[in-house]
Amino acid sequence: MGLRVVQWATGSVGVAAIKGVLEHPELELAGCWVHSDAKSGKDVGEIIGTPPLGVTTTNSIDDILALDADAVIYAPLLPNVEEVAALLRSGKNVVSPVGWFYPTEKEAAPLEVAAQAGNATLHGAGIGPGAATELFPLLLSVMSTGVTFVRAEEFSDLRTYGAPDVLRYVMGFGGTPDNALSGPMQKLLDGGFIQSVRLCVDRLGFAADPEIRSWQEVAVATAPIDSPIGVIEPGQVAGRRFHWEATVRDTPVVRITVNWLMGEENLDPPWSFGPAGERYEIEVRGNPDTFVTVKGWQPETVDEGLKSNPGIVATAAHCVNAVPATCAAPAGIQSFFDLPLITARAAPRLSR
């Protein structure tokens with residue numbers, strides 16, 4: 001018998017996480033929480049497009065709290081502290097891609113209390129934030145001395161992201177620049193990415209200014225652009241950039257940037273991914289410098305991405321692979337540096 005895992009929410013990350021749990025030799029699927037009445041009461045196999053799995057979905061948190069399970073992969077669109085606290089109090093360890101990578105004492109306090117009450121552990125893991133934006137730069141920094149600057153940057157075509165309502169109504173694509181700049185996205189992203197910057201600052205020992213700067217930019221379409229949300233018309237938002245930066249006496253020492261474009265054509269300003277294409281970049285300046293480009297977390301084509309987006313799968317995989325270490329850890333909020341090195345497991349056909 002493996003560790004019994006509940007999947008919380010069945011968006012794109014949740015579906016990928018369920019498939020990851022089914023493939024992991026140390027885990028078994030024990031339950032699944034869904035947001036809507038329409039999905040509740042179904043076999044999970046119907047949700048993820050496989051034969052029946054013998055696990056029925058529910059939209060009742062009480063059902064999940066009462067379930068005999070070791071861990072919950074908590075992957076809603078937006079985090080809810082009360083939900084996570086209830087899961088922890090029920091004795092269930094929680095791994096999540098939506099926060100708690102490196103929370104402040106104030107952010108951690110209610111969840112730390114709940115975790116201790118339930119003798120459970122909370123761990124934040126993902127891709128960006130949750131890996132490429134803090135864990136990977138810090139791991140690479142071991143190859144340098146005298147570090148002066150760390151950068152993590154994402155370049156992604158969001159036409160491959162099959163969540164039209166999120167793209168339009170949360171992320172602001174297809175709307176006016178004013179609405180995008182005043183909308184919720186900067187604040188929603190700040191929660192995770194500021195934690196990433198703080199973790200880099202603290203682990204490397206920079207005497208950084210207390211305030212982490214954040215700012216955003218938009219690009220608009222100059223001609224119609226086909227996208228998952230329909231045609232983006234001229235003047236509507238078709239590109240977004242978000243930045244987070246820590247400084248020491250006005251000198252940047254840690255910077256994280258995301259570049260999210262609806263393709264590279266017909267944009268003003270004329271942003272592009274450059275000759276390297278879609279990628280993640282990680283840079284550490286010191287003695288010596290390190291520069292790493294990560295490919296493979298973005299699909300080759302838009303159609304491929306709408307079928308299965310590698311970045312979504314990678315986010316889910318990090319959570320799945322973190323479950324055993326999280327379950328074995330002491331109670332409380334445990335960050336990357338509180339847990340042992342986490343790795344994947346061999347494919348079932350190649351494993352012992």
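The model shown is predicted, which means the values in this text are computed figures rather than measured ones.
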How long is the straight-line distance from CD1 of Ile194 back to CG of Leu189, given to the nearest 0.5 Å? 10.0 Å

Main chain of Asp68, side chain of Lys92: is a donor-acceptor contact present, judged purely on distance under 3.5 Å? no

Check whether Gln195 reaches the backbone of Phe101 with its side chain - one donor and one acceptor, N or O, closer than 3.5 Å. yes

Residues Glu281 and Arg151 bridged, charged N to O under 4.0 Å: yes

CZ-OG1 distance between Arg255 and Thr133, expressed to the nearest 0.5 angstrom: 15.0 Å

For residues Val150 and Ser141, determine if any side-chain heavy atom of one lies less than 4.5 Å from a side-chain heavy atom of the other. no

Test item: Gln216 side-chain N/O and Arg240 main-chain N/O as donor-acceptor pair under 3.5 Å: no

Is the closest side-chain donor-acceptor distance between Glu153 and Thr257 under 3.5 Å? no

Applying side chain to side chain contact (heavy atoms under 4.5 Å, CB included), run through Leu188 and Leu78 and close with a yes or a no. CA-CA 8 Å; Leu188 293 175; Leu78 299 174; 3.7 Å; yes

Quick one: does any side-chain atom of Asp338 pair with a main-chain N or O of Ser335 as donor and acceptor, under 3.5 Å? yes

Any donor-acceptor N or O pair under 3.5 Å, side chains Lys106, Thr104: no

Is there side-chain contact between Ile127 and His318, with at least one heavy-atom pair below 4.5 Å? no

From CA spacing to verdict: side chain to side chain contact (heavy atoms under 4.5 Å, CB included), Leu29, Val44: CA-CA 10 Å; Leu29 188 67; Val44 174; 3.9 Å; yes

Could you go through the side chain to side chain contact (heavy atoms under 4.5 Å, CB included) check for Tyr161 and Leu306 one step at a time? CA-CA 6 Å; Tyr161 185 41; Leu306 293 176; over 6 Å; no

Spacing of CG belonging to Asn266 relative to CD1 belonging to Ile232, to within rounding of 0.5 Å: 11.0 Å

What pair of heavy atoms forms the shortest contact from Ala180 to Val218, and how long is it? CB-CG1, 4.3 Å

So how far is it from Ile48 CD1 to Ile18 CD1, rounded to the nearest 0.5 Å? 5.5 Å

Would the distance check show the side chain of Ser156 and the main-chain N or O of Leu158 forming a donor-acceptor pair, the cut-off being under 3.5 Å? no

Step by step, would you call Asn179 with Thr176 a side chain to side chain donor-acceptor pair (under 3.5 Å)? CA-CA 5 Å; Asn179 284 344; Thr176 67; 3.2 Å; yes

Starting from Ile256, can I reach Val248 by hopping between I/L/V/M/F/W/Y residues whose side chains sit under 4.5 Å apart? yes

Hey, does the side chain of Arg198 reach the backbone of Ile212 with a donor-acceptor pair shorter than 3.5 angstrom? no

Quick check: do Pro310 and Gln298 have side-chain heavy atoms less than 4.5 Å from each other? no

Can you find a side-chain donor-acceptor pair between Lys39 and Thr10 that sits under 3.5 Å? yes

Restricting to non-hydrogen atoms, name the atom on Ala131 and the atom on Pro137 that form the minimum distance, rounded to 0.1 Å. O-CD, 3.9 Å

Look at the side-chain heavy atoms of Ile, Leu, Val, Met, Phe, Trp and Tyr, link any pair under 4.5 Å apart, and say whether Val72 and Ile333 land in one connected group. yes

Modelled atom types, side-chain donor and acceptor of Asp37 and Ser40, under 3.5 Å: no

Should Val253 and Thr148 count as side-chain neighbours, where that means a heavy-atom distance under 4.5 Å? no

Could you tell me if Arg168 sits above the aromatic ring of Phe173, with its cationic atom closer than 6.0 Å to the ring centre and no more than 45 degrees from the axis? no

Same apolar cluster: Trp8 and Val21, side chain cutoff 4.5 Å: no

Decide if atom CD of Glu265 counts as having more than 12 heavy atoms of other residues, nucleotides or ligands within a radius under 6.0 Å. no

Check: Lys19 main-chain N/O paired with Glu23 side-chain donor or acceptor under 3.5 Å: no

Passing option when His123 is tested against Phe336, Trp100, Tyr74 for ring-ring contact (aromatic ring centres under 6.0 Å, His included): Phe336

Take a 6.0 Å sphere around CZ of Phe337 and say whether it holds more than 12 heavy atoms from other residues, nucleotides or ligands. yes

Minimum heavy-atom distance between Gly54 and Asp43, given as atom pair plus value: N-OD2, 2.8 Å

Got Val98 and Pro76 here, is their nearest side-chain heavy-atom distance under 4.5 Å? yes

Could you pull out the closest heavy-atom pair between Leu87 and Val94, with the gap in Å? CB-CG2, 3.9 Å

Examine Val201 and Ile282 and state if one hydrophobic cluster contains both, with Ile, Leu, Val, Met, Phe, Trp and Tyr joined whenever side-chain heavy atoms are less than 4.5 Å apart. yes

Between Ser60 and Thr58 the two heavy atoms that sit nearest each other are N-OG1, 3.0 Å

Do we see a donor-acceptor contact under 3.5 Å between the side chains of Asp63 and Trp33? no

Do Ile73 and Ser96 come within less than 4.5 Å of each other through their side chains, counting heavy atoms only? no

Can you tell if the side chain of Leu111 reaches within under 4.5 Å of the side chain of Leu88, non-hydrogen atoms only? yes

Looking only at heavy atoms, the pair that brings Gln186 and Ser214 closest together is NE2-CB, 3.5 Å

Please determine if Arg241 forms a cation-pi arrangement with Trp271, meaning its NZ or CZ atom is less than 6.0 Å from the six-membered ring centre and no more than 45° off the ring axis. yes

Looking at His35, I'd like to know if its NE2 atom is crowded, meaning that more than 12 non-hydrogen atoms belonging to other residues, nucleotides or ligands lie closer than 6.0 Å. no

Are any of the side-chain heavy atoms of Phe149 and Thr251 separated by less than 4.5 Å? no

Please determine, by modelled atom types, if Trp260 and Glu154 share a side-chain donor-acceptor pair under 3.5 angstrom. yes

Take Lys295 and Tyr280 through the test side chain to side chain contact (heavy atoms under 4.5 Å, CB included) and record every step on the way to the result. CA-CA 7 Å; Lys295 303 284 281 188; Tyr280 284 75; over 6 Å; no

Around Glu300, counting heavy atoms of other residues, nucleotides and ligands shown, do more than 12 lie under 6.0 Å from its CD? no

Between Asn287 and Ser144, do the side chains contain a donor N or O and an acceptor N or O under 3.5 Å apart? no

What about Trp244 and Met171, same hydrophobic cluster or not, with Ile/Leu/Val/Met/Phe/Trp/Tyr joined at side-chain heavy-atom distances under 4.5 Å? yes

For the atom pair CG (Leu53) and CD (Glu28), what is the distance rounded to the nearest 0.5 Å? 12.0 Å

Can a donor-acceptor pair be found, under 3.5 Å and without considering hydrogens, that links the side chain of Arg159 to the backbone of Asp157? no

Looking only at the side chains, is there a donor atom on one of Asn309 and Thr160 sitting less than 3.5 Å from an acceptor on the other? yes

Exceeds 12 heavy-atom contacts within 6.0 angstrom, atom NZ of Lys307: no

CG/Asn93 to OG1/Thr326 distance, rounded to the nearest 0.5 angstrom? 7.0 Å

